[in-house]
K.L.:
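To start, I am sharing the structure in question, which I have written as structure tokens.
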Amino acid sequence: MKKFLIVAGTVLVFLVLSCTTQTPKNAISLDSGWKFKTGDDPSWATSALDDSKWDTICPRKNWEEQGYKGYDGFAWYRFHTVIPSSLKEQAFIKDSLQILLGKIDDCDQVFLNGELIGENGRTVYTKKEPSVDFFKEQGRWYIDRRYVLAANDPRIHWDKENILAIRSFDQGGAGGMFGKPFEISMADLKDHLKFDFTTSAFIFTGDSVITKQITIQNLSGTEEFKGKLTIEAVLSDNGISIYSETTGIDITPKLKLDKPVTFKKQRSAPAILRVTFQESTSGKTITEMVAIPYLLTPKVSLKPRINGAQVFGVRPWSPFQFKVAATGKPPLKYSATDLPQGLVMDPADGLITGSLKKKGDFIVKLKVENDLGVAERDLKIVVGDVISLTPPLGWNSWNCWGLSVSDQKIRQSADAMKSSGLIDHGWTYINIDDGWEDTHDREGNIIPNSKFPNMKGLCNYVHSLGLKIGIYSSPGPKTCGGYEGSYTFEAKDAQNYASWGIDYLKYDWCSYWNLAPKATLEQMKNPYREMKHAIRKANRDIHYSLCQYGMGDVWSWGAEVDANSWRTTGDIEDTWESLSTIGFNQGKCSPYSAPGRWNDPDMLVVGLVGWGPALHNTRLTADEQYTHITLWSLLAAPMLIGCDLSQLDAFTLNLLSNDEVLEVNQDPLGKQAYQMRKGDDYEIWARDLADGSKAIGLFNKTDQPLNIPVDLKGLNITGKPVMRDLWSQTDHGRVSGHFEMRTQPHGARLVKLSK
Ligand code: GLA
């Protein structure tokens with residue numbers, strides 16, 4: 001299901017990957033020498049098979065990039081190697097052999113000398129163990145394939161030729177092996193012992209007390225490790241230790257131990273949590289660390305403040321729904337003057353509903369009051385042809401729940417969007433991704449599956465909270481998850497969506513590859529044009545979101561098929577590599593973005609994610625998450641939160657509630673930032689804002705704190721503008737000539753410069 005990345009810079013990254021890398025001496029490299037064949041035959045697992053006429057393939061790149069464009073289904077990889085016993089003799093720990101196979105998209109069964117040893121990331125420990133259901137594991141492309149066998153396992157042929165055979169199955173998009181590393185080696189201390197920081201979030205109590213659970217895991221079934229465990233918290237800026245504990249520890253085979261630590265730290269100070277284990281007999285040490293999140297967004301004021309979009313587009317006659325987002329001590333009282341005829345506002349929750357018949361622009365004066373004060377702001381309503389005049393802000397089920405999404409999970413997310421207060425900062429959409437569809441009935445109506453017993457009821461419920469609701473489909477017969485697509489049912493599907501009250505459609509290419517394997521530009525546009533007509537006929541404003549991973553430079557023609565946003569890349573993951581590759585390569589799409597026509601670098605990977613049903617805390621550091629939100633705001637990108645909203649931790653909520661940062665994303669001018677400086681060390685992006693000011697993002701791509709210099713001349717700024725730090729919402733006075741800002745590793749700063 002993982003897609004190849006199409007943004008130019010990214011393609012480059014993949015193409016320059018050579019098929020050989022350095023493997024340590026005590027390992028057998030599996031980087032090159034693989035044989036490959038599409039199709040499926042159980043005899044391809046056997047040692048006796050002659051594969052000399054098979055194609056050769058590099059395991060580090062998906063097969064689409066190596067001459068198998070558009071191929072979905074089964075394919076086999078084979079590798080021949082002698083496994084010398086010297087590997088075992090020279091190792092510190094001699095009991096387990098590990099076979100590392102990068103990642104495999106989507107499913108795999110791995111055979112050694114004709115015997116099954118692993119399936120979809122799980123080792124099959126004994127010959128007799130029954131195999132798990134191969135296909136139930138659809139979509140496990142993001143899991144590292146590490147198969148571990150006891151050194152005396154008869155499936156290993158020491159000092160003889162061994163045949164490794166991989167049966168892989170791809171259900172759509174990119175397929176086969178990719179990633180790294182690829183090797184056979186003896187598992188060492190660092191391979192057996194893992195400190196997992198993703199099993200819990202950092203919990204903030206009050207302003208300064210932090211609790212974190214570290215999960216210590218011994219992956220070995222036989223080795224026991226005794227030694228010293230040290231846990232330390234250290235301030236990033238000056239290395240001062242703010243917490244330290246050392247204990248003796250006995251880590252028994254297969255141990256999985258949750259170790260909580262609690263310490264005090266000032267809320268906005270960046271710091272590191274470091275865990276070190278020193279094994280007593282060998283003296284070997286392993287250290288792992290994680291950045292401790294720090295909160296930058298100040299506490300929400302009790303006085304009223306109006307947030308969210310300042311301009312709203314609607315088509316004549318479409319149902320109108322706009323929730324005035326506002327914060328402040330409850331109860332808040334909402335009112336509006338100059339509301340055009342046809343609209344009414346609920347004074348208790350600021351929800352404006354109704355419909356407007358004629359095209360035209362209206363300026364409405366919004367007012368929100370409580371016993372501490374009054375906030376006022378204009379809202380411009382544009383009744384015309386284009387909707388989504390600011391990028392959509394909301395939530396989507398995919399990055400957390402994957403195909404395990406259900407009615408209950410959608411309701412729970414909508415409830416949390418409201419109860420967490422995110423709705424008051426302008427977050428609006430609750431979008432169902434893949435996994436809701438069953439089949440089309442005889443009349444051509446799309447029937448949701450049993451996880452969605454009442455779609456209209458669900459839509460009504462989400463609307464009743466002041467939120468909007470989205471859905472997902474594919475122009476092909478099947479979605480990427482293998483569910484029913486819209487092919488030949490486009491008109492009927494759009495009617496069904498409108499009758500349920502759907503406000504957003506994500507339309508994902510997926511199996512359309514089978515209909516247009518070598519799609520020309522016209523063939524790429526056709527299915528999207530078809531659905532555009534269907535949506536327009538349905539007479540409801542439905543944000544139209546194209547998902548085809550950037551093919552054919554979709555940013556240059558998305559508006560032509562009436563799309564409101566289009567994905568510019570393949571699927572994002574919660575890693576720095578994925579985030580930075582996607583984010584920093586958006587410059588070339590910049591000129592094509594405009595109000596109602598947004599470049600979409602994919603959904604947010606903050607909070608508890610996991611592509612369902614199991615979730616983990618995002619692998620991005622706090623700084624990487626600041627980069628994510630800062631960059632997506634500058635890029636005027638749709639922001640769809642991808643985590644379990646019902647389990648929001650304090651950091652994630654703080655990260656997503658910064659009104660001054662969100663205001664950059666929602667700026668009514670709708671101009672995407674341009675890349676002022678590109679580089680491996682740091683980048684500067686600048687965005688022109690409607691009030692004549694500029695938002696400037698500074699991004700540190702290195703692993704060390706960096707002072708990033710900004711030259712005002714390069715930004716075409718003369719005089720002495722006033723600088724405001726948007727994350728901390730503090731004024732920094734006037735600047736002239738140039739200024740410098742300290743930026744954390746992989747972190748960002750966001751400032752606004754106004755005359
Ligand atoms: C593709 C898309 C994802 C998600 C899945 C659903 O991979 O790019 O965002 O919608 O399909 O199957």
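Counting starts at 1 for both ligands and their atoms, following the listed order.
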K.L.:
Do the side-chain N and O atoms of T652 and D649 include a donor-acceptor pair separated by under 3.5 angstrom?
P.N.:
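Yes, D649 and T652 have a side-chain donor paired with an acceptor closer than 3.5 Å.
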K.L.:
Are Y483 and Y472 close enough that their ring centers fall under 6.0 Å?
P.N.:
no
K.L.:
Identify which of D571, N431, V405 has a heavy atom lying nearest to atom 8 (O) of ligand 1.
P.N.:
D571
K.L.:
What I want to find out is whether E560 reaches R597 closely enough, with some N-O distance under 4.0 Å, to be called a salt bridge.
P.N.:
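Here E560 does not pair with R597 in a salt bridge, since their nearest N and O are not under 4.0 Å apart.
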K.L.:
So is T479 touching ligand 1 or not, going by heavy atoms under 4.0 Å?
P.N.:
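Checking ligand 1 against T479, which is what was asked, there is no heavy-atom contact under 4.0 Å.
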K.L.:
Are any of the N/O atoms in W398 less than 3.5 Å from those in ligand 1?
P.N.:
no
K.L.:
Relative to the heavy atoms of K506, which atoms of ligand 1 are at a distance of less than 4.0 Å?
P.N.:
3 (C), 4 (C), 9 (O), 10 (O)
K.L.:
Show the atoms of ligand 1 that are less than 4.0 angstrom away from any heavy atom in G481.
P.N.:
12 (O)
K.L.:
Give the atom numbers and elements of ligand 1 that come within less than 4.0 Å of a heavy atom of C547.
P.N.:
2 (C), 8 (O)
K.L.:
If the threshold is 4.0 Å, N to carboxylate O, is there a salt bridge linking D144 and K103?
P.N.:
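Between K103 and D144 there is a salt bridge, with a charged N closer than 4.0 Å to a carboxylate O.
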K.L.:
Need the ligand 1 atom indices (1-based, order shown) with element for anything under 4.0 Å from a heavy-atom of D433.
P.N.:
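What qualifies from ligand 1 is 4 (C), 6 (C), 10 (O).
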K.L.:
Are C643 and C400 within a span of less than 2.5 Å, counting SG to SG?
P.N.:
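Taking the criterion (SG atoms under 2.5 Å apart), C643 and C400 fail it, so no.
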K.L.:
For ligand 1, which atoms sit closer than 4.0 Å to a heavy atom of R567?
P.N.:
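Near R567, meaning under 4.0 Å from one of its heavy atoms, ligand 1 has 8 (O), 9 (O).
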K.L.:
Quick check against the 3.5 Å criterion: does E624 have a side-chain atom that pairs as donor or acceptor with the backbone of T575?
P.N.:
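Not a single qualifying donor-acceptor pair exists.
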K.L.:
Should D508 be counted as touching ligand 1, given the test is an N or O pair under 3.5 Å?
P.N.:
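In this structure, D508 places an N or O atom under 3.5 Å from an N or O of ligand 1.
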K.L.:
Under a 3.5 Å cutoff, is there a donor and acceptor pairing between the side chains of S565 and H543?
P.N.:
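H543 and S565 do have a side-chain donor-acceptor pair below 3.5 Å.
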